[in-house]
Amino acid sequence: MTAAPSIRRSRPYGANAVGLIYAPQQLDEGIAALAGVPVFRAILDRAGMPRFRRRRNGFATLLHIILEQQVSIDAAAAMHRRLAGICEPLMPETFLALDDATLRRCGFSRQKMDYARRLSEAVVSGAFDFARLEAAADAAVLADLINLKGIGRWSAEIYLIFALGRDDIWPAADLGLQLGIAAELGLPARPGERDLRALGERWRPWRSVAACLFWQSYLHARNRAAPVLPAELYA
């Protein structure tokens, strides 16, 4: 998941913890650009800097995003931990050796088994190459990811932000983002994906940073912190 990121320190809102890399790649620059917008200034003053850790560019991270589909992040992390305890090392080749019963014990549905095996086969065959994603433009990465069965636009956009650190991605189908925006902007109802895509245009070229700020607001309002994933997934 990673393009030789640097460790950046937030000047106006406090220093990063030593050794931690946050998403997106140019978080501080984006915060500086958006901090003058009243809605984002209010979030920063009330909830603080968004601190969502970067993930590694690779098979384990994309597999974890598949597990996150339609379940909580905590549930996905638990499934991943069970899998990692059985599948050592967690690589496409070793994953393909696991039978249905083993994957069910880890929490895989039949559909997620299919998606994960197809991903593994694509990597093993060379049809899909994580290293190629590093240098590719956002649109090309999005197309490559969506071409994999089981990877929809939401999954691809989450990967672009958290594994590749891209600065201008807007995952408009994300429920937490929709709820955070509805609360911050005082909307009468949670916006749908189409409306949210149009709304996000105003925050180019820092839409990933804007999304992280709205997620920060959503978590703060619920007295929650950024989710903690298995350590091996982080950059």
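For the single chain, residues carry numbers from 1 onward in sequence order.
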(message) Is there a continuous path of hydrophobic side-chain contacts, each under 4.5 Å between heavy atoms, that joins Met113 to Leu96?
(response) no
(message) Give me the atom names and distance for the closest heavy-atom approach of Asp28 to Met49.
(response) OD1-CE, 3.7 Å
(request) State which residue, out of Val123, Ile158, Leu145, fulfils the side-chain contact (heavy atoms from CB on, under 4.5 Å) condition with Leu62. (result) Leu145
(request) Quick one: closest heavy-atom pair of Ala156 and Ile146, and the distance? (result) CB-CG1, 4.1 Å
(message) Parallel, tilted or perpendicular: which one describes the rings of Phe40 and Trp203, with boundaries at 30° and 60°?
(response) perpendicular
(message) Under a 3.5 Å cutoff, is there a donor and acceptor pairing between the side chains of Trp215 and Asp174?
(response) yes
(request) Check whether the side chains of Asp167 and Trp206 place a donor and an acceptor atom closer than 3.5 Å, and report yes or no. (result) no
(request) Mind checking the CD-CD spacing from Glu184 to Gln216? Nearest 0.5 Å is all I need. (result) 10.5 Å
(message) Could you check whether any side-chain heavy atom of Phe162 comes within less than 4.5 Å of a side-chain heavy atom of Ile169, counting everything from C-beta outward?
(response) no
(request) For Leu63 and Leu119, work out which heavy atoms get closest and say how close. (result) N-CD2, 4.2 Å
(request) Verify, without hydrogens or angle tests, whether Tyr234 (side chain) and Leu229 (backbone) share a donor-acceptor contact under 3.5 angstrom. (result) yes
(message) Using a strict threshold of under 4.0 Å (side-chain N to carboxylate O), is an ion pair present between Glu201 and Arg207?
(response) yes
(request) Taking atom types as modelled, find out whether Ser155 and Gln69 have a side-chain donor-acceptor pair closer than 3.5 angstrom. (result) yes
(request) Side-chain contact test, heavy atoms from C-beta onward, threshold under 4.5 Å: evaluate it for Ile31 versus Leu213 and give yes or no. (result) yes
(request) Output yes when a side-chain donor or acceptor of Thr94 lies under 3.5 Å from a complementary backbone atom of Glu88, and no otherwise. (result) no
(request) Over all heavy atoms of both residues, which pair between Ser120 and Pro92 is shortest? Give the atoms and the distance, please. (result) O-CB, 3.7 Å
(message) As a quick check of understanding, evaluate side-chain contact (heavy atoms from CB on, under 4.5 Å) for Arg82 and Arg105, giving each step before the final call.
(response) CA-CA 8 Å; Arg82 288 195 291 270; Arg105 287 197 298 273; over 6 Å; no
(message) I'd like to know if Leu27 and Leu20 are part of one continuous hydrophobic network [Ile/Leu/Val/Met/Phe/Trp/Tyr, side-chain heavy atoms within less than 4.5 Å].
(response) yes
(message) Is the ring pair Trp170/Phe214 parallel, tilted or perpendicular, if the boundaries are 30 and 60 degrees?
(response) perpendicular
(message) Quick check: closest heavy atoms across Ala182 and Arg190, and the distance to 0.1 Å?
(response) CB-CA, 4.0 Å
(request) Scan residues 116-132 for pairs that pass salt bridge (charged side-chain N to carboxylate O under 4.0 Å, His left out), counting only residues two or more places apart or in two chains. (result) Asp100-Arg117, Asp114-Arg118, Arg132-Asp144
(message) Between Glu157 and Arg197, does any side-chain N to carboxylate O distance fall below 4.0 Å?
(response) yes
(message) Checking Phe52 now: which residues fulfil ring-ring contact (aromatic ring centres under 6.0 Å, His included) with it, not counting sequence neighbours?
(response) none
(request) For atom CZ of Arg110, decide whether the heavy atoms of other residues, nucleotides or ligands shown that lie under 6.0 angstrom number more than 12. (result) no
(request) Step by step, work out the side-chain contact (heavy atoms from CB on, under 4.5 Å) result for Ile43 and Tyr218. (result) CA-CA 10 Å; Ile43 292 171; Tyr218 171 82; over 6 Å; no
(message) Looking at Leu98, is its backbone amide N or carbonyl O close enough to the side chain of Thr102 to form a donor-acceptor pair, meaning the two atoms are under 3.5 Å apart?
(response) no
(message) If you define the side chain from C-beta out and look only at heavy atoms, does anything of Lys149 sit under 4.5 Å from Tyr115?
(response) yes
(message) Has Lys112 got a side-chain atom pairing as donor or acceptor with Leu67's backbone, closer than 3.5 angstrom?
(response) yes
(request) Flag the pair His80 / Leu233 as yes when at least one side-chain heavy-atom distance between them is below 4.5 Å, and no otherwise. (result) yes
(request) List in chain and number order the residues that pass side-chain contact (heavy atoms from CB on, under 4.5 Å) with Ala75, two or more places apart in sequence or in another chain; answer none if no residue qualifies. (result) Val71, Ser72
(message) With a 4.5 Å cut-off on side-chain heavy atoms, are Pro171 and Leu177 touching?
(response) yes
(request) Check the hydrophobic clustering (I, L, V, M, F, W, Y; side-chain heavy atoms under 4.5 Å; chains of links allowed) and say if Met91 and Val124 are grouped together. (result) no
(request) Return the minimal non-hydrogen interatomic distance between Gln178 and Glu193, and the atom names on each side. (result) NE2-N, 3.9 Å
(message) Within the 4.5 Å heavy-atom criterion, are Glu93 and Phe59 side-chain neighbours or not?
(response) no
(request) Check whether any side-chain heavy atom of Cys106 sits under 4.5 Å from a side-chain heavy atom of Met79, and report yes or no. (result) no
(request) To the nearest 0.5 Å, tell me how far Gln25 CD sits from Ile161 CD1. (result) 13.5 Å
(request) Just do the side-chain contact (heavy atoms from CB on, under 4.5 Å) check on Leu34 and Val39 with the steps written out, would you? (result) CA-CA 9 Å; Leu34 295 176; Val39 66; over 6 Å; no
(message) Would Glu134 and Arg166 count as a salt bridge (charged side-chain N to carboxylate O under 4.0 Å, His left out) here? Give the steps.
(response) CA-CA 10 Å; Glu134 297 279 6; Arg166 303 301 172 87; 5.9 Å; no
(message) Determine whether a donor-acceptor pair (N or O, by modelled atom type, separation under 3.5 Å) exists between the side chain of Arg224 and the backbone of Leu219.
(response) no
(message) Quick one, Phe95 and Leu83 - any side-chain contact, counting heavy atoms below 4.5 Å?
(response) yes
